[in-house]
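For reference, the structure discussed in these notes is given below.
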Amino acid sequence: MKKSNPVVIVGGGPSGTAAAAMLGKYQIPSIIIDETSKIGGVIYRGPLRNTATLPHLDDNLQRAMSALRTRYEKHKSFIELKLQTRVLGPEGDQHLLLSEGGGLTTLEHNELILATGCHERSVPFPGWQLPGVMLLGGVQLQIKSGLVKPGSKMALLGTGPLLPLVACQLHKAGVDVVGVYEASAFNKLAKEAVALLHKPKLTLNGLSMMSYLKKHQIPFHYGHGIVSAQGGKYLEQVSVAPYDDQWRPNMSQAKPLDVDAIGVGYGFVARTQLAMLLGIEHDYSKVSGYIPTLDDNYQSSQKNTYVVGDSSGLLGADAAICEGQIAALNIVHQRGLLDSASMEKEKRKIERKHARIKRFRFGFDRFSARQTGLLDLPQDDTVVCRCEQATKKQLTDAIAEGVKDLTTLKMRTRIGMGDCQGKTCSSYALDLLHQAGHDKNTGVIKPRFPLDPIPFTFMEETLNEQV
């Protein structure tokens with residue numbers, strides 16, 4: 001294989017950019033494809049327009065954003081960017097179909113690195129479709145990339161380290177944060193003290209955020225969560241309540257909050273639709289959803305195809321960087337530009353860092369492990385599948401009548417048949433099946449080609465070119 005053949009990388013976040021930089025270090029060219037106008041991914045992309053200052057973003061985040069940009073700049077002569085470009089799926093053997101520049105193109109690849117990240121896990125509850133009800137990552141994107149306030153008076157509800165981070169960012173942006181509601185009890189976090197010491201700087205940063213919230217009198221409630229949202233044309237109020245250890249709300253102690261927006265965050269799911277279309281083998285993880293089966297170089301069941309970052313398991317940006325570097329090192333070695341001993345030495349150094357991050361993140365995974373009480377939040381008429389307007393009752397009735405897998409549930413209720421291809425509803429439906437005792441051979445809502453709708457104008461232009 002020629003040294004000049006570019007490695008194709010889908011995703012310009014921490015893992016994709018780190019992989020490209022490592023390849024560039026050994027003068028191997030790469031092509032990064034990203035659907036947005038800037039590299040960095042959701043976490044490090046930053047504002048989509050110029051701004052003099054970023055007072056709402058903490059210093060650690062700004063340093064990390066700068067480090068990613070520096071990593072790219074150092075090796076950019078070997079990196080081609082295809083921004084505002086979407087991968088629609090495989091096109092024949094070793095080709096990807098792209099939507100770019102108002103038309104369709106194809107791109108050949110010999111080695112392919114998928115760094116497609118993750119998407120948020122939707123948790124339905126009464127009123128979750130009201131304007132003003134947002135997922136937590138979406139709230140953060142509006143602040144970081146859009147430079148707009150998602151609301152004037154907000155509450156944050158869910159679980160995990162993103163809650164205090166976004167609360168601080170919202171407050172610095174001028175939002176009145178009336179409360180933060182963490183579903184898990186504080187004693188569960190205390191039990192993970194040893195795991196958190198594997199990344200002491202991150203732990204101290206978390207304590208600093210909690211101190212900021214206390215200083216500015218922003219209440220942080222452990223063992224509490226969402227019950228429902230109310231409003232007319234838009235969100236006006238939410239009900240919150242104490243949760244038990246299974247995250248079942250104590251309705252006798254439920255209380256209303258007057259808000260115009262909320263951020264709800266109960267976790268993420270690996271974004272593996274492209275990997276599935278490519279025929280890569282997957283296994284189910286309760287934390288991450290379906291994730292590719294990989295070797296220790298992050299190579300998948302498809303030769304010369306790697307999966308790194310949150311699309312291979314939810315370990316965060318620092319771990320994603322390590323994974324991108326290891327996959328790139330293996331490509332460098334396979335091309336004969338690095339001997340086995342040197343490759344293993346470099347790889348072990350990165351793996352030690354990755355292992356510390358993994359132990360740290362697993363502590364948070366145990367603390368934030370979602371509980372079955374979330375499944376009981378929707379009422380019978382609550383819409384679960386927004387695309388097809390399928391309700392909870394339709395799903396539970398089908399399961400009660402003997403449905404044991406997602407494919408049959410899809411045929412009975414039409415979940416997963418809309419444009420989002422099940423990204424919104426499939427995780428909840430899968431959890432319902434598991435709750436009913438169907439925890440084996442439940443399958444997956446398989447992605448369809450193309451991954452995004454193709455406008456008729458694109459097809460017309462392509463046909464005209466062929467003629």
Side-chain angles (χ1 to χ4, degrees), residues 6-26 28 30-35 39-45 64 67-68 71-72 75 78-79 81-82 87 96 109-119 268-283 285 287-335 338 343 346-358 361:
V7 177
V8 175
I9 302 171
V10 182
S15 56
T17 307
M22 181 64 78
L23 292 168
K25 177 181 175 181
Y26 293 92
I28 296 176
S30 61
I31 300 172
I32 294 179
I33 305 168
D34 199 276
E35 61 192 27
I39 61 171
V42 171
I43 189 166
Y44 294 148
R45 186 180 303 138
L68 181 138
R71 186 178 291 115
Y72 163 74
H75 301 285
F78 293 96
I79 304 172
L81 295 181
K82 284 183 174 289
V87 178
L96 297 176
H109 59 85
N110 290 308
E111 296 116 332
L112 179 64
I113 298 177
L114 302 182
T116 49
C118 60
H119 63 265
F268 295 82
V269 180
R271 190 179 177 189
T272 56
Q273 287 78 15
L274 177 57
M276 288 183 178
L277 277 184
L278 288 166
I280 291 172
E281 294 177 4
H282 285 68
D283 291 313
S285 158
V287 173
S288 308
Y290 280 92
I291 55 175
T293 304
L294 306 170
D295 66 15
D296 60 0
N297 292 312
Y298 300 93
Q299 187 166 202
S300 72
S301 57
Q302 298 282 350
K303 186 179 179 182
N304 293 330
T305 299
Y306 302 78
V307 186
V308 296
D310 283 344
S311 49
S312 70
L314 306 176
L315 294 176
D318 290 342
I321 290 170
C322 295
E323 293 169 15
Q325 291 172 334
I326 290 173
L329 275 174
N330 193 61
I331 292 173
V332 173
H333 173 60
Q334 293 294 329
R335 291 199 180 193
L338 192 64
M343 186 263 194
E346 184 78 6
K347 179 182 172 183
R348 280 196 299 271
K349 183 170 65 175
I350 300 171
E351 283 179 331
R352 284 194 292 270
K353 181 179 179 181
H354 188 271
R356 290 195 300 272
I357 298 168
K358 184 183 288 188
R361 290 295 303 220

Can you check side chain to side chain contact (heavy atoms under 4.5 Å, CB included) on V87 and T116, steps first, answer last? CA-CA 10 Å; V87 178; T116 49; over 6 Å; no
Taking it one step at a time, do H333 and E346 satisfy side chain to side chain contact (heavy atoms under 4.5 Å, CB included)? CA-CA 11 Å; H333 173 60; E346 184 78 6; over 6 Å; no
Check step by step if side chain to side chain contact (heavy atoms under 4.5 Å, CB included) holds for Y306 and I331. CA-CA 10 Å; Y306 302 78; I331 292 173; 3.7 Å; yes
Determine, step by step, whether L23 and F78 satisfy the side chain to side chain contact (heavy atoms under 4.5 Å, CB included) criterion, reporting the C-alpha distance in whole Å, the side-chain angles of both residues, the deciding distance to 0.1 Å, and the verdict. CA-CA 8 Å; L23 292 168; F78 293 96; over 6 Å; no
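Among all heavy-atom pairs drawn from G11 and D34, the shortest one is C-OD2, 3.8 Å. Nearest heavy-atom pair across L315 and I357 is O-CG2, 3.9 Å. Nearest heavy atom pair, residue D296 against residue I326, reads O-CG2, 3.8 Å. Across every non-hydrogen atom of P14 and A320, the tightest pair is CB-CB, 4.4 Å. In this structure, P292 and S312 approach most closely via the heavy-atom pair CD-CA, 4.2 Å. Residues A20 and I32 approach most closely at CB-CD1, 3.7 Å, considering heavy atoms.
Listed by chain and number, the residues in a side-chain contact (heavy atoms from CB on, under 4.5 Å) with A18 are R71, I321, Q325 (sequence neighbours excluded). In terms of the side chain to side chain donor-acceptor pair (under 3.5 Å) criterion, R361 has no residue partners (sequence neighbours excluded). Take D295 and apply the side chain to side chain donor-acceptor pair (under 3.5 Å) test, not counting sequence neighbours, and it matches no residue. T293 meets the side chain to side chain donor-acceptor pair (under 3.5 Å) test with D283; sequence neighbours excluded. Partners of C118 according to the side-chain contact (heavy atoms from CB on, under 4.5 Å) rule, which considers only residues two or more places apart in sequence or in another chain, are F268, D310, L314. By the ring pair (Phe, Tyr, Trp, His ring centres under 6.0 Å) test, Y290 is found to be paired with Y284, residues two or more places apart in sequence or in another chain being considered.
Separation of atoms CG (L274) and CD1 (I33) is listed at 9.0 Å; rounding is to 0.5 Å. Between E281 atom CD and I291 atom CD1 the span is 13.0 Å, to the nearest 0.5 Å. Once rounded to the nearest 0.5 Å, the distance linking CG of L96 with CG of L112 reads 5.5 Å. Atom CD1 of I9 and atom CD1 of I39 lie 10.5 Å apart (nearest 0.5 Å). Here the straight-line distance linking atom CZ of R352 with atom SG of C322 works out to 11.5 Å at 0.5 Å rounding. Taking OG of S15 as the start and CG of D318 as the end, the distance is 12.0 Å to the nearest 0.5 Å.
Looking at S300, its side chain does come within 3.5 Å of a backbone N or O of T305 through a donor-acceptor pair. When atom types are taken as modelled, the side chain of E323 and the backbone of Y298 share no donor-acceptor pair closer than 3.5 angstrom. Formation of a donor-acceptor pair under 3.5 Å by the Q299 side chain with backbone atoms of A327 is not found in this model. Put simply, the side chain of S311 gets close to the backbone of V308: a donor and an acceptor are under 3.5 Å apart.
Using a 4.5 Å heavy-atom cutoff, the side chains of I31 and K82 are in contact. Taking 4.5 Å as the limit, every side-chain heavy atom of E111 sits out of range of all side-chain heavy atoms of Q334.
Checked by atom type, the side-chain pair N297/K347 shows a donor-acceptor distance below 3.5 Å.
Checking each of N304, I28, N110 against V7 for a side-chain contact (heavy atoms from CB on, under 4.5 Å) leaves exactly one that passes, namely I28.
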